[in-house]
Structures are given as C-alpha cells and as structure tokens.
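Quick caveat, the model's predicted, so the values are computed rather than measured.
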Amino acid sequence: MLYIGVDLGTSAVKLLLMDGDGKIQNIVSKEYPLYFPHPGWSEQNPEDWYEQTMAGLKELLAGCDHSQVAGISFGGQMHGLVILDKEDQVIRPAILWNDGRTQEECDYLNNEIGRDKLSEYTANIAFAGFTAPKLLWVRKNEPENFARIEKIMLPKDYIAYRLSGVHCTDVSDASGMLTFDVKNRCWSKEMLELCGVREEQMAQIFESYEVVGTVLPEIAAELAVPQTVKVIAGAGDNAAAAVGTGTVGDGACNISLGTSGTIFISSEKFGVDKYNALHAFAHADGHYHLMGCMLSAASCNKWWMDEIIGTKDYAAEQAQIEKLGENHVYFLPYLMGERSPHNNPNARATFIGMTMDTTRADMTQAVLEGVAFALRDSLEVAKSLGIQIERTKICGGGAKSPLWKKIIANVLNLKVDVIESEEGPGLGGAMLAAVGCGEYASVADAAAKIVRVIDTIEPDPELVAKYEARYAQFKQVYPTCKLLFDALL
C-alpha cells in the first residue's frame, strides 16, 4: 500500500509518497506566498495552502497505482490561527507562528493572569507566536471578525478538514495553542474562557496516529483515489519531524534546521521546565516532549546568502571557512525576534566583533555558529533539568550542509546521527498514515523499521574546548543588547 505525508511549511508544501516498507516513492514541493502587511506581522492565505496541496497531490501520484493509496497524514507549521465562519469559510488571512504582533496580549497573559497559572492550565506560558494571544488580538482589534468565528483551526488541520470534512486537530499541534491542557490531553476550560471562546468552536482532538475520517467523495474523484483512503490526524511539524527521524521513546533527541530551529527531546513522562524556557508538549508517539524553538535558523543563512551576499551557491561560500572555533565575529540569529529561551519578540539579529581584517567567510561562519550557539542555549536549559543527552538526530534544509552539522556537533558536544532520509515532517506524516492504517502496530514500531542511521559526526575534543570558550562569550551578547533592542522599537 501507499501512504502520503503532507508537510505544510511556511514557504511551501512538501508532499511525500511512501510504500509500506518505508521506501520513498516520490517527493513534490509547491510554493505559496507569505505576506508581511505590517512590520513584524506574518500571514498566509489558507486557500493557497489548499490549492497547492491539491496540485501537489496530483503531481505526486502521477504514474503510480492510485488504487494502492491507503492513507494521508500531515506535519505542519504550528500555532497559526485559522478562523472559519458558520459556512466554513476563512474569515481572515491566517496569522502565522512567526508573527510578532501579540506582545501586549502575551504581557497580559504572562503578567496579569500569571505564568504559574498558565503553566498549571497548559504546561506553558504565552509566547508571541502561540495561538491564544492571537485570539485575544483578534478579539480586541477585529471584533467583527471575532464575532463570526465558528471554528478555530491550525494550518495543517485546515487541509485535513478540506480533505475529510472533519474539524480535527492532534495533541502535538494543539499543545502549541496555549488553549490545551497538555498533561491531560484535552482543551483547557480556563484558557478557553480567558480567550472568550467555547469548546464547540475548537476542533475535535485526536492522537497523531488516529484516523479522523476518509477523503470526501469529491476529493477522491479529483485525485482518482479510492473513497476508502483514510485521513490521519498528523502532527505539528516538529513532532512529525521527530517521528520521521525516529526520535520517539524516552530521552531521544532531534535537531531541526528548517526556517525555524528546534531541539526536541522526547519523554515517556510529562514534565515541565520550571522557568518555561522550553515548551512542554504532547508527542506524536502518544507520550510527551520538551522542545526549545528558535524562530530563525536555516532562514538566517538563506537571508545572509540571498539578500545580503546575493548568491545561491551556499556550498561555495561555506568552502571558504577553514578555522572553526577561532572566529571573533558573533551573530545573534534573531531576525524574527526570539522564542526559546528568551521569549522576546523585540530581539533583533546582530553582528558583533568585526574588525578591518574580518572577511566575508568570517561573517558566513558567524551566521552558522550563531544558530548553533542559540540551539545550545536551549540544550543548557534541558541540562539544568537533569536531562543528559549524548547524541541527536538532525533534519531540515540546513542539515544538508556537512560543515553546519560539524559545527553543531562540536558547539553542543553531541554525537550527530545522520539518517538515510532527511525529509523530516513529510516522512513523519507518511509514517503516521501507515500506523493509522494498521501497516505498523505503533509509531515506535514504524520508526524502528523505517528510520536508518547512515553516518555519525563525532565531536572533536579540541574543537569542543574552543567552542566552549566562544559560547561563553556568545551568551553575554544578548543580555548586553537587550535594553537596546527594546529601545529600538
């Protein structure tokens, strides 16, 4: 049988076709626009997601035996607010995960409602990207739109709805809304009341590997697939990427170098970082995870290469970098503000330490190292909780760079396991579809049989020591600049 994984990203939807043995048969990507109507705002049109997903599915299935398609599932950008009216029409453009307009709402939630209460209700505190602050923003600034809300959805769940007719979400994606009781895997009545919404306006909750329904007859006809094709709930992009890299069970770790960057630590038990610097979310394997999320990771390198240097030859630029651990230039990777561990949408990207002999290669190296140092900030929080990590998987566009993987291995002093497929959320989505259709007994079973490690980058003790000294300097830059960032608004 064949299984489809839909990775609804920020810049494109990536679709993956996998057979029952876990072999990838085809991959298709379709881009769509991103809108910035005001500085710090970030929006997309959900109809663009749907149109490009359907176009991608047709291309993905071209040439295969359509009758063998058994299930479809998802990984998707988290936290985005999609609101539907009573006709199930989109009321306004989706407000995305990297939108920074909700600082006032976050301050209200964290300071007036209180971080302790938020953590008690949801296991997390308010971050600018989360969904609940967006709801409060719409209620205050667009009351006419707020009054029309019949259903509140997340990006990938809107696609699942268009395919199945079911208003659904999964526990991992719902965890990032700040309206979900993570520990008990249900909607938080207290948070819904704070946001001024009713539980019937929320989507039905499923485990990531559960079947929500089958494709609608008109979808089956348009795609020429059986009407029995199951739609499985899927997961938020990071949980789906963790499934796709085999990061399931207790104490496993995955680093994702996508538009955003994450360090993801799976756990069989529920736990909360007392400072709430890390997110405590439900995992797609039926358990839990802790996650540090930085808003700009591979996108920092893309910005530097495309917009500043003006080149698409990333490998050629990195080939000029020779002396690791000796760079005197530092880069704070906060192009969209920052989430973990600083929770500061006012933070900005900064180069510091340049001199007359600073080279282009030094600047490029600083960008790569800055992202690695910022990931280490979250790893340090995990260490403070007594969590010991010795190795990590890696995925995302940035993981295609051998140099960047080497930098990460030595900055974080972790063994970095490279897997056969770096498709992350798309593969994870297809694996969840296979579990939902009964091809595998569990997510852990699917991961054990499908995910293969093909290489490991070992930290070099000498280089680790050099980066230890560099990290000690890096972590002084943000506190020194923080007051200036606030003043620059």
Side-chain angles (χ1 to χ4, degrees), residues 1-10 12-30 49-50 52-62 64 66 68-78 154-160 162-164 168 170 172-173 206-212 215 219 223 225 229-248 254 256 258 283-285 393 395-397 419-440 443 445-447 449-452:
M1 304 304 288
L2 297 173
Y3 305 96
I4 299 170
V6 178
D7 173 16
L8 189 77
T10 311
V13 59
K14 299 174 184 176
L15 305 106
L16 180 147
L17 187 65
M18 181 189 85
D19 67 19
D21 294 326
K23 295 177 182 175
I24 297 172
Q25 302 297 310
N26 197 9
I27 297 174
V28 168
S29 181
K30 295 287 185 182
W49 300 335
Y50 173 70
Q52 294 307 310
T53 297
M54 289 299 289
L57 285 169
K58 292 171 186 175
E59 187 175 330
L60 185 77
L61 297 174
C64 80
H66 288 49
Q68 292 298 299
V69 178
I72 182 169
S73 190
F74 313 88
Q77 52 168 298
M78 298 177 68
L154 293 163
K156 79 172 192 334
D157 302 328
Y158 176 72
I159 303 302
R162 291 293 299 267
L163 297 181
S164 69
C168 59
D170 83 286
S172 70
D173 216 355
F206 294 85
E207 291 291 336
S208 301
Y209 47 80
E210 287 185 329
V211 177
V212 305
V215 292
I219 297 293
L223 297 177
V225 297
V229 171
K230 292 181 173 66
V231 178
I232 288 84
D237 51 5
N238 291 295
V243 171
T245 59
T247 309
V248 298
N254 180 58
S256 176
H283 192 6
D285 65 356
K393 306 279 182 57
C395 68
I419 58 174
E420 187 174 46
S421 168
E422 295 179 353
E423 293 305 320
L427 179 59
M431 290 165 64
L432 290 170
V435 174
C437 292
E439 185 82 43
Y440 296 94
V443 176
D445 186 42
K449 293 180 180 175
I450 292 174
V451 180
R452 300 174 186 87

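A pairwise comparison of heavy atoms in G236 and S172 identifies N-OG, 3.0 Å as the closest pair. Among all heavy-atom pairs drawn from D21 and I450, the shortest one is O-CG1, 4.2 Å. Pairing each heavy atom of A70 with each of M1, the nearest pair is CB-CE, 3.8 Å. The two residues S164 and V212 come nearest to each other via the heavy atoms OG-CG2, 4.2 Å. Looking at every heavy atom in both residues, I232 comes nearest to V211 through CG1-CG2, 4.1 Å. Closest non-hydrogen pair, M431 versus V451, comes out as CE-CG2, 4.1 Å.
In this structure A434 satisfies the side-chain contact (heavy atoms from CB on, under 4.5 Å) test together with Y3, M18, E439, Y440, sequence neighbours excluded.
Side-chain contact between I4 and V69 is present, with heavy atoms from C-beta onward closer than 4.5 Å. Using a 4.5 Å heavy-atom cutoff, the side chains of H66 and L2 are not in contact. Residues F74 and L8 are not in side-chain contact: their nearest non-hydrogen atoms beyond the backbone lie 4.5 Å or more apart. Here the side chains of L60 and Q25 are not in contact, with every heavy-atom distance at 4.5 Å or above. A 4.5 Å side-chain heavy-atom check between D285 and V243 finds every atom pair outside the cut-off. No side-chain heavy atom of I72 sits under 4.5 Å from any side-chain heavy atom of V225.
With rounding to the nearest 0.5 angstrom, the OG1 atom of T247 is 7.0 Å from the NE2 atom of H283. Within the model, atoms CG of L432 and SG of C437 stand 11.0 Å from one another, a figure rounded to the nearest 0.5 Å. In this structure, the separation between OG on S256 and CG on N238 is 5.5 Å, given to the nearest 0.5 Å. L57 contributes atom CG, which lies 7.0 Å from atom CG of L163 (distance to the nearest 0.5 angstrom). Rounding to the nearest 0.5 Å gives a distance of 8.5 Å between CG of N26 and SG of C64. Separating the CG atom in D7 from the CG atom in L16 is a distance of 9.5 Å, to the nearest 0.5 Å.
Partner of K156 under the side-chain contact (heavy atoms from CB on, under 4.5 Å) criterion, out of D170, D237, T53: D170 alone.
No donor-acceptor distance shorter than 3.5 angstrom exists from the side chain of R162 to the backbone of A160, with no hydrogens or angles considered. In this structure a side-chain-to-backbone donor-acceptor pair under 3.5 Å is missing from S73 to A430.
Crowding of K14 atom NZ: a count of heavy atoms from other residues, nucleotides or ligands under 6.0 Å not exceeding 12.
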